[in-house]
Amino acid sequence: MFGGSAERGKLLSSDNSRKLVSALEEAYRGAKYYLDFSTSVDLLAAAILSAQTRDEVVNAITPLLFKKFRTAKDYAGSNLDELLKYVNRVSFAGNKANNIIAAFKIIDDKYNGRVPDKKDQLVELPGIGEKTANTILINAYGIVIGIPVDTWVIKLSYRMGLSLNKDPDKIEQDLMGKVDRRYWHNFAYVLKAHGKKICGTVPACSKCTVNKICPRNGVTRSV
Ligand code: SF4
C-alpha cells in the first residue's frame, strides 16, 4: 500500500524516469490498445464493457455485438433485454448495458450519431470517465492530450517511482510531467504488457529490464 507516510516510497529523478520509460518503450514496442474495434461506436461500447472485465471476455463477445449494433442509433433504439443477450458475460452487465444505451441516446440526439472527440463531452456520457475518454480520443481519433490511467498504470507507476499518488487524476498529471509526450499514446499499454509479463503479483525483478533503476516501491517479495 502507499497511503502512509512511512511507506510513501521513492520517487525517481527526472533523468532516471526518462531512462526507465525509454527502456520500457523499447522492450514493448508493439504494445497497443487491447480491445478489438473498427469504429468509434464499437470502441465506446467495448470500453464501457471492459471495466473490471478481462479483455479476452470483451473481445470474445464483441464480434457478434458489433455485427448487430453498428451505429449510435442502433444502440439508442435498443433496450436492456436485447442488449443483455449480447453482453451478459461481462461483470455488471446490466449497469453497463444501461450506460451504453443512455450514452448512445445522447450521442444520437446531441452529436448527430458521432462519438464526440472532445474530452469534456465524452466524460459527460454515462459510463465514461477520464480514463475511457483518453482511451477513445487516442484510439479513435489519434488525439493525445493525456495518459489513460488504469489499474496497471496505478500499480506500476507507484512501484517504479513515477508517481506516489493514488488518485488517478494526480497520477496522470505526474506521468504527463515525466513521460515524453511522444509516448503518451501507448504508455498505459506498455505498462500493462510489462505487468502481465514481468511485474505482476510477484514481480520477476531479476529478469526485469529496468531493475537497475526501479525503486520497487511496496514490493515485499520478488523472484
Ligand atoms: S519487476 Fe521489479 S524491478 Fe521491474 S518494474 Fe517491477 S518492481 Fe520494478
Side-chain angles (χ1 to χ4, degrees), residues 17-67 70 87 89-91 96 100 114-119 122-123 125 127-160 162-163 168 171-172 174-176 178-201 203-204 207-210 214:
S17 297
R18 201 166 46 247
K19 286 181 188 159
L20 179 138
V21 170
S22 296
L24 289 173
E25 288 283 344
E26 179 66 26
Y28 300 98
R29 277 179 173 212
K32 61 180 180 60
Y33 188 51
Y34 30 85
L35 296 180
D36 300 331
F37 69 97
S38 299
T39 68
S40 56
V41 167
D42 293 349
L43 174 56
L44 188 136
I48 291 176
L49 293 172
S50 71
Q52 296 172 60
T53 299
R54 284 187 299 114
D55 313 330
E56 296 79 10
V57 174
V58 178
N59 286 335
I61 64 170
T62 48
L64 276 181
L65 178 74
F66 296 163
K67 203 169 165 190
R70 294 174 188 271
V87 305
R89 284 175 57 197
V90 304
S91 56
K96 291 175 181 176
I100 289 171
R114 185 176 190 265
V115 174
D117 61 2
K118 304 273 186 303
K119 193 172 189 178
L122 284 167
V123 295
L125 299 173
I128 305 291
E130 289 276 328
K131 180 199 80 170
T132 308
N134 271 329
T135 299
I136 291 169
L137 290 175
I138 291 170
N139 295 289
Y141 297 118
I143 297 171
V144 185
I145 55 171
I147 297 173
V149 175
D150 62 12
T151 51
W152 282 108
V153 174
I154 293 170
K155 183 170 20 177
L156 269 63
S157 295
Y158 174 69
R159 279 186 183 170
M160 295 174 174
L162 293 172
S163 174
I171 294 170
E172 183 183 6
D174 289 342
L175 292 177
M176 286 162 71
K178 291 195 163 170
V179 176
D180 191 296
R181 195 170 181 124
R182 75 192 141 129
Y183 298 137
W184 287 8
H185 71 288
N186 78 343
F187 191 62
Y189 316 134
V190 164
L191 288 191
K192 180 170 184 160
H194 186 57
K196 285 190 144 185
K197 188 173 175 194
I198 300 283
C199 193
T201 306
K207 296 183 195 158
C208 180
T209 186
V210 294
C214 174

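Atoms considered below: every heavy atom in the structure, side chains included; atoms not considered: hydrogens, waters and symmetry mates.
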*asked:* Under a 3.5 Å distance rule, please check whether Lys96 uses its side chain to pair with a backbone N or O of Leu49 as donor and acceptor.
replied: yes
_Atom of Thr62, atom of Ala46 and distance for their closest heavy-atom approach_ = CG2-CB, 4.3 Å
*For Glu130 and Lys119, what are the C-alpha separation, side-chain angles and deciding distance, and is it a salt bridge (charged side-chain N to carboxylate O under 4.0 Å, His left out)?*
CA-CA 8 Å; Glu130 289 276 328; Lys119 193 172 189 178; 2.9 Å; yes
*So, for Tyr28 and Ala193, which heavy atoms are closest and what is the spacing to 0.1 Å?*
CD2-CB, 3.6 Å
*Are the side chain of Trp184 and the backbone of Ile145 linked by a donor-acceptor contact shorter than 3.5 Å?*
no
_Residues Lys118, Leu137; criterion side chain to side chain contact (heavy atoms under 4.5 Å, CB included); working and verdict_ = CA-CA 8 Å; Lys118 304 273 186 303; Leu137 290 175; over 6 Å; no
*With side chains defined as the heavy atoms from C-beta onward, is the minimum distance between Lys192 and Asp55 less than 4.5 Å?*
yes
*In Å and rounded to the nearest 0.5 Å, what is the CG to CD distance from Asp180 to Glu25?*
9.0 Å
*Is there a side chain to side chain contact (heavy atoms under 4.5 Å, CB included) between His194 and Trp152 once you walk through the steps?*
CA-CA 9 Å; His194 186 57; Trp152 282 108; over 6 Å; no
*Could you grab the distance from atom CG of Asp42 to atom CZ of Arg70, nearest 0.5 Å is fine?*
9.0 Å
*Report the distance from atom OH of Tyr33 to atom OG of Ser50, rounding to the nearest 0.5 Å.*
5.0 Å
_Closest heavy-atom pair and its distance - Ile143, Asp117_ = CD1-O, 3.7 Å
*Check ring pair (Phe, Tyr, Trp, His ring centres under 6.0 Å) between Tyr34 and all other residues, then give those that pass, not counting sequence neighbours.*
Tyr189
*Would you say the side chains of Lys178 and Ser163 form a donor-acceptor pair under 3.5 Å?*
no
*Under the 3.5 angstrom rule, does the side chain of Thr53 hit a backbone N or O of Ala51 as a donor-acceptor pair?*
yes
*asked:* Treating Arg181 as the side-chain partner and Val144 as the backbone partner, does any N or O pair qualify as donor plus acceptor under 3.5 Å?
replied: yes
*side chain to side chain contact (heavy atoms under 4.5 Å, CB included) between Asn59 and Glu56, worked out*: CA-CA 5 Å; Asn59 286 335; Glu56 296 79 10; 5.9 Å; no
*What are the two closest non-hydrogen atoms of Pro148 and Ala188, and how far apart are they?*
O-CB, 3.4 Å
*Might you point out which heavy atoms bring Ala47 and Thr132 nearest each other, and give the distance in Å?*
CB-CG2, 3.5 Å
_Please give me the minimum heavy-atom distance between Ala27 and Thr209, naming the atom from each residue._
CB-CG2, 4.3 Å
*Does a side-chain N-to-carboxylate-O contact under 4.0 Å join Glu26 and Lys19?*
no
*Taking side chain to side chain contact (heavy atoms under 4.5 Å, CB included) as the test, write out the residues that go with Arg18, two or more places apart.*
Asp15
*State whether the side chain of Lys207 and the backbone N or O of Ile198 hold a donor-acceptor pair below 3.5 Å, judged by distance alone.*
no
*Is there a donor-acceptor contact under 3.5 Å from the side chain of Asn139 to the main chain of Ile136?*
no
*Checking side chain to side chain contact (heavy atoms under 4.5 Å, CB included) for the pair Val41/Arg114: CA distance, chi angles, key distance, verdict?*
CA-CA 8 Å; Val41 167; Arg114 185 176 190 265; over 6 Å; no
*Rounded to the nearest 0.5 Å, how far does CZ of Arg159 lie from SG of Cys199?*
4.0 Å
*Hey, does Leu43 have a side-chain heavy atom less than 4.5 Å from the side chain of Leu35?*
no
_What I'd like to find out is whether the side chain of Leu125 reaches to under 4.5 Å of the side chain of Leu44, using heavy atoms alone._
yes
_Separation between CE of Met160 and NZ of Lys155, rounded to the nearest 0.5 Å_ = 11.5 Å
_Just verifying a value: how many Å separate Leu24 CG and Leu156 CG, rounded to the nearest 0.5 Å?_
8.5 Å
*Under 3.5 Å donor-acceptor, Ser17 side chain and Leu162 backbone*: no
*Would a distance-only check, ignoring hydrogens and angles, find a side-chain to backbone donor-acceptor pair under 3.5 Å from Asp150 to Val153?*
yes
